[in-house]
Every structure is written in structure tokens, then in C-alpha cells.
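None of the values given here were measured: they were computed from a predicted structure. Proteins come first, then strands; the chains are lettered A, B, ... in the order of their sequence lines, and each starts at number 1.
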Amino acid sequence: MLQRMLVERIESRILVGIVMFVGIMILIGWVAINENPRMASFTLQFEARAVERGGGLFAANCATCHGTDGLGILGRAPALNSPHLFGYDFFADIKNRRSVLEAERTTLTNERTDLAIELAEGASDRRRVEIEARLAEINDRLNVGIEADLALVQSDEDALNNSILTAVDLGYDPATFSRLTQANWGGTLDAYLYTTLVHGRGQNAQLWGGNVMAAWSQQAGGPLRSDQLRDLVAYIANWDRGDGWTVEDLLSVRQFAIVPGAGGGDAPTAPPVGTDDEVAVLQQIADAGIIGDPNRGDQLYHRRAASQAGFRLGCAGCHEGAVQGPSTDGTWERTINERLTDPLLAGYTPEQYLVESILAPGVYIVSGYQAGVMPGNYPEQLSLQDVADLLAYLRTTDPNYVPPSTQDQANDGALEQPTQQDNAPEQEPPPAAAP
Amino acid sequence: MTILPFPSILDDIKEKGLKKALYEGVDDVVQRVTAGMNIQDIREALRGEAPSRRPNPRLQPHADGFWLHMRPSFFHRDMTGIYPTFRLGWLSTYFVVFETITGMFLMIWYTPSPQVAYANMLNILGNVPLGQLMRDLHRLGAEAMVLIVWLHMLRTFMTGSYKKPRQFTWFTGVILLIATMFLSFSGYLLPWDQLALWAVTIGASMVEATPPAIVGENLNLLFRGGPEIAENGLLRFYLLHVLLVPALLFIFTGVHYYKVIVHGHSLPPRSENIGEDTAKRVPLEKRVYFIPDIMTSEIMWVAVTTFIMILLCVWFYHAPLENHADPQVTPLGTTAPWYFLWIQGALKLGDKVLWGIVFPTVVIVLLMVWPYVDTTPSRRYADRKWAMTFCFLFISIMTALSYMGLPEYGVAHVADQDVLHLMTMEPAHGHMGKLLPIPYDQLVPGAYTTLQIRAGEENAEAAVGAFNVLLQSDLRIGEGMSTQFRSAYLTLSGIPRFTEVPEGAYELHHALEEYEHAIQHFGAELYNGWGVMIITQDQPDLKRVDLVLMWEDVERTETGAVRYVDGRPVPIVDENGLPVLRWATDHVFIHRDAAYFAAH
């Protein structure tokens, strides 16, 4: 039948051909009118999947340093899931309210001057009454209303300042609320993220105590292709909450971006110890009469101060809460009660063990932890004073520690400690408390 | 005396009047363009009337024109039906042109470089009006062309049309078949997605097996442009795809067509006596002239096929595009294109050289020389028992080998990887992980376990409760699970509290069922195994689904678990006599707008 219909009669062939041709035109027309929405939905879908792939890449490559939730790791790498990166200004509303009030004050002051001139130049009685009434109104607003409103703004600002104190302690500066401004970046955030991924931050070793952002692009010798970097940028950019950032978001940030001199490295003020021989270092400390300051040690440990060799350390990032290394809490006690009972450490004093652990971390690995995690470059980052300060700080982790009542007593203790404890690994009251 | 300084149409107009002069001018142009037919001739032809003037103007375009000089001016009536040709030869030619046109469109938007090729695809799909349609048409056309060319060869074989004097026509046909398959194959690589890279890697690795080693290695280098397919390889495949192979194809198409003119179309076997070839001696009353009958028929088939192709590409077919090519990540279940599956299947039989090089070469050479081997005179089906037997054997073997080429056949499976892959695989080969098409709203953050499904609806709550107790009480299991979370960089504070899948999350429940069924399917390998599914809100509009699989290790061989007589597997125990626990984990991210749809 098909044969008869289609093949044998020329009219049928021409008819079928024309119908099909019209059909083709209709189909293409149908595709064409749906093309814009289709392309838009493809793009939306593709962008969504780029975020998904970026998530996988982030978990596999970035989470070790920037945190699984992107909130950064203290001393290691800054938060990306942070209002600072996206340039959210918590004070924008307050600034706005204040500038509105100040604009009103300027307007009213100008009006008052104009009215005063008019009054001085002479005006009709009726006009004079009007002007005086208006002047009273203006003065009231200027002297009471606006001041009260400004005071309200100020108290809101103070409250906000108070609520973000913890973040400011960690290095957040409300004045440079945008990372891009802080880094003097003129382009877009996407371009900033992308180029950072491409090149890494090789020059930042000093700011991050030896942890550097590697160059991730294959073009720069890294492991990732440019499309993967795009996916990562899409994922990181997806943390943006737009106008929805809250103070809680800011406070949950564990590490802010740092720039030299603003929470980053400083100019060196003393040479580094340069050796991992802990006995020699302790001897030099004793010979030089250096006294450890637990408060400065605390600051060094928590990255709030730079070492004398100019570096910021990341100790707390790994040790606080035993994230990657043994916990900070109870270090002193554990050193004496657990570590020094190991035959491998026979003859060690607690100071010797701790200094060795800092300067040559690979020598003795506490069971349950991996070798090679802790950087081995602290001899280049710490001066004798820094070592003494860190040691003094670790001393305070002992629950029985009693702070020295005077500086002199502390001095004695710090100096005498190594000899006193030589053959006495048992826990003793710290010498500072002895007198 | 002319109006202008030279003779022009104005003289005609002056002489004959405007209407007549214009008509004659147009008529003259039409006659020149068609190399012999004027408007009246065309009108008569299309009306199905006999030509009104002699000599027959409808033969003129064949004699004087370029385009029709390669078509016979008349066909035998027995040849014009659907049988015996099924129009397969014409359709093959049609697809050459079809692929050229759609290919040129795509070429405008394509750069053969690994840096941008994949981005070009995204641009074609997301930014070029009708780009997706063109890509779909080109891809579907390529697959259809391979199929049509094979069928054309099958038809030629069945009707014995390769026999004397058409042996060489058949030979050029085999070359065209190879060119077609290679065109299709070389196009595979160009999108630079995972499908492309791995299909071509499999194909190219066969070249490497060519003995002796020095030849194989160098052929491989030449082919891939380096030890791995990268910039050079992509450029080479592109040039093969758009220059060398099309050039060969066009040349041999010309030869193929010329041979058809020389020998005429072979008639159906029953139409002539055994040993006779009367194709060139068509009696007058049996002649069907190319103009108008064959030509309108061919144009009609073009219109019908184009319509069908577009219809398919609008609603039923979209060219696949997988993730960006990544030499580091080998997808599970990688296959060659379907028309090369027979080689992949043969490779599973053993030696790479024998089955990967010698065997396909033998097949091709056999096809090429077949007409010179089978010189029996009869083209009647009943007289060709051996040839028909060979034909059906060939089809059967190719089908069986193609089946063996599928990943389902003879590939060692790793049970835990298979289960996780089933759940999380990225869209490929028309399939995707069971987790992906779950509607975003049904991915309720929480922790779920397959033990809920295993316990059945009534005992689900108790089973989940018992599981929570187990995780808290059995340190090995609890800590093992935490280790898995840590290794996958999943942010969790401690072991989550497991709950039942919430009411209304049907698709999620269904995926959990699939998960459980997959674990049960590998019950011997994944002995006492269970799986959990942790859904977390990773970012605004982005959820993360983690799967953890735990099972007790059993004695295994290459083919699967070792079993006792009663069918139980043999557990492996540690020094304390406790079963050795094994773990596996994987995760996916799902975005609100990712729009995965279940494959139907």
C-alpha cells in the first residue's frame, strides 16, 4: 500500500514532500520560539552542576586548609564562607542613618542662616512671626532631635561594635569590610578567586607560618584544569548570602584574611634559633638569661603576635582541641606523666621534650598521630625568646600551675628548671610556685 | 541597430513587448541552469505528462549537466519500488550531505583544543540559537549513517548485487563503510567529554597492539599525537574528521556512483535469468525516467527523512554530553561506540593482537574480497545457501561479540564500588545515579539507614533505634563510621542520630530501597552489610549526600565470594575472633537547580 501511495504516483510524492517540508518548517519554528527559555534553563542547570562539581573539588582539595565548611582554620588559611570575602558591610545601615541625619543638620543650619539674614534685613511683622516660629522649630530639631537620633545611632554602632569584638580580636577590621578592598583588587570577586586559584599565594609563607596556598592551575604547574577552577569559583561564590549575612556568620569565622602588618608577619626583630638541637637551644636560653613570658607565648601560640623572626604561627589551629595534633590542654602534665615514661625518651626533661617537639617535630611521634603533619621549619621562625615564651605558655597548661607572684621568681624558675628536673620526671609543683 | 551600444534585452522588449521578452529571458536562463529543460518541460515533467518535444529534453541534463551526469537517466521499473533497494544507498548519500551541512554549522562554534573544546559545547548548548538542535542532528545523523550504510551492505549481499560485474562497486562500498565508521568514531572525541576521551582511548589502545612492538608504539604515537590523547591528539582527530576522511569519502562516493552508471542498478534476482545481467538493456516499456519519477521520489525521501530526524531531535533524542574529559578519572562501564562493540567483545576473548588487530583486519579483508571469492553465477536466494549461511552466521557472531563488548559481560565487579556507583554515578550512557533525580525538597537533611528498609515498614522504627544504639555501643563501628566521615571531609559533630525517612519523601525512600536492594544483590560479597545515607545542607541551595557502606570481610576469589556448601560465605576474622569490618564511602552534591531527570 505504501508502495502504491508513495512510489507510483507522482502527485502523491509531491504532496508527501510538501507536507514533510512544511512539517520541517513548523518543527524548526517550534524549536526557534522555545530557544531562549531553553538556553536559559540549560545555563541555569549547567551553573548548578558546576557548583556541585566545585563542592566535590573543594572537599577533596581545599577543605584541609580552609575547613570543610569554608570557615577557615586558625593559622592555616582564611575563611571563604565569610562576609569579609563577599564585602558585606555590617555598618552600612548605621553609616547611612548617620549621613541622613548629618545631611538634615546641614540643610537646617543653612535654612537657619538664611532666615537670620532675612530677619536682619527687616521683614514684615507677620513674616517675622513666621520666621521666629520656624527658627524655634529648627533650633529644637538641631539641638535636641538630631542629637538624640545621632546618639541612638552611636549606641547602635557601639552595640554592633561590641557584638563583633571576638571577630575583631581575630583580625577582622570593619574599616576594610571587603577583602577586595583590603587586597587592593580592582576586578570582580570571581576574577579574584580565579586568579588566586591559578597562581596561589606563594609569597605568603611568612604570613601563614610556612603554609602557602599552592598554584592550583595546570598552567601554573598545579593539578587542576581551568574548567575545574571555574567550578571551584562557582562553589565558593555560592556561599554568598547577599544582604543576608548576619553577625553570627561573622563570629563563626575561624580565621580572617591577613595582610602584612595587620595580623600577618612583621619585620624580624631578632634572629631565629636556626638549629633543631634542643639541648643547645635551652643552653643558649639559660646562658643569655632569657625569661619566658607566658602571656606573649599565649599570643604567639594563638597567632595574635608575630615571632621575633617575623612569622605568625599556627600552633592553635592544629593543637587546640586536638584537631590534627595532641591537644594544647594539659600538655605539661601529659609530657611528664605519659611521654617521658616512654623508654625512647629516657633522660629527657619536659622542657627538652617540648622544645624538641617544636624544633624537630619528626623525631618523636606520639602514637595515634601521623608523622610529617607538623611543619619542620620552626628553627627558622623562632628566636630564643620566642622558644622561651612558648615554653612558658605551655607550662601554664598544667592544671596545678600557679602564676608567678613576681617577675623575679619566675626568672629563677625558668632558669633553674632544666637542672632541677633532670632526674625527676615525676610531677612536681612548678618551681615558680615553690618559694 | 541596438538600443544600447551592445545587444541587450531591451532590444527584445522593443521587438516583442515586455511580457513576452521577459518570459523568454527567464525561460532561457532556466534552460541554461538545468542544462536542457525549459519551464514548459519542467511543468510537464512535474505534472506526470509525456514530454511534448523531441528529442526528449529530460535526458539533456544527464548528458550536458554536471549534477545529473552521475545519475542514470532511466531506471528499470522493477528497481523503483521500496524493494529491492529500500532506498538505502540514496539515504547513505543523503546522510553524507546532511552531516556535512550540520557539521559546518558546528564547525563555526568549535575550536579543536582541550582548553576550550568542552566550553565550546556548553556555548553551543547554552548560547547558540538552534545550537542544540544542530548538535543533536549531527550526532543522530552520524549514528544513523553507520546503521544505514551497514544495512545497505546487508541488502547488497542478500540480493547478490556484488556479483560480476559489480565486484569493484562492492569493494568501494566496503571502503565507504570503513570511512563512515571512522568518521563517526573520530567525531566522538571532539566534544572532549568523558565519553569521548574514554571511547577513543579504548579504540586507540588497539592500534598499540599492532606487532611488532616498534610499529605498534609508533602508530600509537602517530595516532594519539603523544603518549596520552591531548592537544595534538585532539587536533589530529579533528583534521581526520573534517578533512582526510571526508575527502576519501567524497572520492570513493564518486567512484561508487560512477560504477553504478557504468553497470546500471542490479535488478531483483528474480527479474533476470541466472548468470545474466540485463541492467543496461532495459526495454522501453520498463523504463522509468530519472526526471521526473526518480527525482521526485528521492526528494520526497529526503524530506521524509529530514522530518523524522528533526522530530526525533526535538522530542526524543539529545546528543550526550558528559563531564569534562579527565584522564585521571576512569568512569565505570566505559565502552566503545556501539558499532565498535564487536571489537571490544572480541578483545575479551584473549590475545590483544589476535582479537584486536588480526580479527578485525580479517573481517574487513574478507568483506572486501568476498565478491572475488564467491563467484557463483546465481543471484537467486534459493541457490545461495552457503552465502546466506555465511551472512546469518556473520550477523549472529557480530551481535554476540557486540553483546560481549558491553560492560555487563566479563568485567570483574567490585561489589561495594558497584553499589556506590549505582547510587552516585554522574549522568552517562543514558543512566545516572539513583540519588541525582530525587527532588531537591525531598532531600531532607538527616541520617538514614538501609536497615530501615530491611526491617520492613512495621519494624522500621525499632530497627533505626537499634542502629542508633549499636553505633553508640560498638566502638569499632562508631569510630569506623567517624573515620569515613573524616576521610570524606564531611562536617559533622559526632555520629549523627539516625531517623526514619520522613513522610512524603517518596523519592528519597525509593532511593534508599534501591540502595538496600543493591546491597542485598551482593549479599555474599557484602556479608552482613548495611549502608547509610547522610544528607547535609552544604551551602544555600546545595545539599551533600554521603553514602557509607559497611560489611564484614569474606574470603574471595576473582569471581566472587568463597562459599560454604550451604551457600554462606566464609568470613574473615581478626586475632580477637571478631569479623573484619570493611568500609566504603562516596558522596555527591546536589544543587536546587541541577535539574536531573530520571532516564526513562
Side-chain angles (χ1 to χ4, degrees), chain A residues 2-3 6-21 23-24 27-28 30-32 35-36 38-56 58-60 62-64 67-70 81 223 225-228 230-231 235 238-241 244, chain B residues 45-48 80-83 114-116 118-119 122 125-133 292-293 296-297 299-311 313-314 323-326 328 426-427 488-492 538-542 544 587-596:
Chain A
L2 194 69
Q3 175 109 357
L6 296 188
V7 182
E8 288 179 4
R9 298 179 55 202
I10 189 166
E11 300 93 317
S12 316
R13 292 197 292 267
I14 292 174
L15 182 67
V16 171
I18 289 173
V19 168
M20 287 298 141
F21 184 75
I24 290 167
L27 280 180
I28 291 184
W30 167 256
V31 174
E35 217 37 6
N36 279 332
R38 183 198 64 74
M39 291 193 293
S41 75
F42 174 85
T43 307
L44 186 69
Q45 176 194 0
F46 177 77
E47 281 167 0
R49 293 186 187 185
V51 172
E52 294 176 354
R53 286 192 298 273
F58 191 89
C62 315
T64 4
T68 49
D69 44 13
N81 177 11
R225 299 184 311 267
S226 50
D227 62 292
Q228 292 175 311
R230 297 267 167 226
D231 293 344
Y235 177 75
N238 196 41
W239 263 311
D240 193 7
R241 292 175 187 55
Chain B
L46 291 181
R47 280 177 180 161
T80 56
I82 292 174
Y83 174 85
Q115 301 292 332
V116 293
Y118 189 77
L122 300 176
L125 293 174
N127 210 21
V128 178
L130 298 181
Q132 188 192 38
L133 179 68
D293 290 298
T296 50
S297 169
I299 292 174
M300 180 196 76
W301 285 115
V302 166
V304 171
T305 315
T306 309
F307 179 78
I308 292 172
M309 294 293 292
I310 294 179
L311 189 76
C313 290
V314 173
N323 276 349
H324 194 288
D326 190 344
Q328 316 287 331
E426 62 196 35
Y489 290 104
L490 175 66
T491 321
L492 282 180
D538 187 67
Q539 278 187 338
D541 290 335
L542 187 71
R544 173 179 164 146
H587 59 267
V588 285
F589 289 83
I590 298 178
H591 192 281
R592 183 187 288 280
D593 299 324
Y596 294 102

Can you tell me which of [options] forms the most heavy-atom pairs within a distance under 4.5 Å of chain A?
{"options": "B/Leu125, B/Val588, B/Leu542, B/Asp541", "answer": "B/Leu125"}
{"options": "B/Gly48, B/Pro540, B/Pro129, B/Pro292", "answer": "B/Pro129"}
{"options": "B/Ile308, B/Leu133, B/Val314, B/Asp326", "answer": "B/Asp326"}

Toward chain A, the part of [X] with a non-hydrogen atom under 4.5 Å:
{"X": "B/Asn323", "answer": "side chain"}
{"X": "B/Asn127", "answer": "backbone"}
{"X": "B/Ile299", "answer": "neither"}
{"X": "B/Gln132", "answer": "both"}
{"X": "B/Leu311", "answer": "both"}
{"X": "B/Arg544", "answer": "side chain"}
{"X": "B/Val302", "answer": "neither"}
{"X": "B/Ala488", "answer": "backbone"}

Exercise for the section: Please check if the side chain of A/Arg49 supplies one atom and the backbone of B/Ala595 the other of a donor-acceptor pair under 3.5 Å. Expected result: yes
Quick one: pull up [atom1] in [X] and [atom2] in [Y] and give me the separation to the nearest 0.5 Å.
{"X": "B/Met300", "Y": "A/Ile18", "atom1": "CE", "atom2": "CD1", "result": "12.5 Å"}
{"X": "A/Ile24", "Y": "B/Ile310", "atom1": "CD1", "atom2": "CD1", "result": "5.0 Å"}
{"X": "A/Cys62", "Y": "B/Tyr489", "atom1": "SG", "atom2": "OH", "result": "10.5 Å"}
{"X": "B/Asp538", "Y": "A/Asn81", "atom1": "CG", "atom2": "CG", "result": "9.0 Å"}
{"X": "A/Gln45", "Y": "B/His591", "atom1": "CD", "atom2": "NE2", "result": "12.0 Å"}

Region of [X] in contact with chain B, defined by heavy-atom distances below 4.5 Å:
{"X": "A/Ile14", "answer": "side chain"}
{"X": "A/Asp227", "answer": "side chain"}
{"X": "A/Arg53", "answer": "side chain"}

If every non-hydrogen atom of [X] is compared with every non-hydrogen atom of [Y], which pair is closest and at what distance?
{"X": "A/Thr68", "Y": "B/Leu490", "answer": "CG2-N, 4.4 Å"}
{"X": "B/Ala303", "Y": "A/Gly17", "answer": "CB-O, 3.8 Å"}
{"X": "A/Thr43", "Y": "B/Gly126", "answer": "OG1-O, 3.6 Å"}
{"X": "A/Met20", "Y": "B/Val304", "answer": "CG-CG2, 3.6 Å"}
{"X": "A/Phe42", "Y": "B/Leu122", "answer": "CE2-O, 3.7 Å"}
{"X": "A/Ala48", "Y": "B/Ala594", "answer": "CB-N, 3.5 Å"}

Handout entry: From CA spacing to verdict: side-chain contact (heavy atoms from CB on, under 4.5 Å), A/Phe21, B/Thr306
Key = CA-CA 9 Å; A/Phe21 184 75; B/Thr306 309; over 6 Å; no
Problem - B/His324/A/Asp231 under side-chain contact (heavy atoms from CB on, under 4.5 Å): CA gap, chis, key distance, verdict - result: CA-CA 11 Å; B/His324 194 288; A/Asp231 293 344; over 6 Å; no
Handout entry: For chain B, the option from A/Arg38, A/Met39, A/Glu52, A/Glu47 that forms the most heavy-atom pairs under 4.5 Å
Key = A/Glu52
Exercise for the section: Quick one: which of A/Ala40, A/Gly54, A/Ala63, A/Ala59 has the most heavy-atom pairs under 4.5 Å with chain B, could you say? Expected result: A/Ala59
Exercise for the section: Would you please classify the geometry between the B/Phe589 ring and the A/Tyr235 ring as parallel, tilted or perpendicular, with 30° and 60° separating the classes? Expected result: perpendicular
Exercise for the section: Evaluate the side-chain contact (heavy atoms from CB on, under 4.5 Å) criterion for residues A/Arg13 and B/Asp293: first the C-alpha distance (whole Å), next the side-chain angles of each, then the deciding distance (0.1 Å), finally the verdict. Expected result: CA-CA 9 Å; A/Arg13 292 197 292 267; B/Asp293 290 298; 2.6 Å; yes
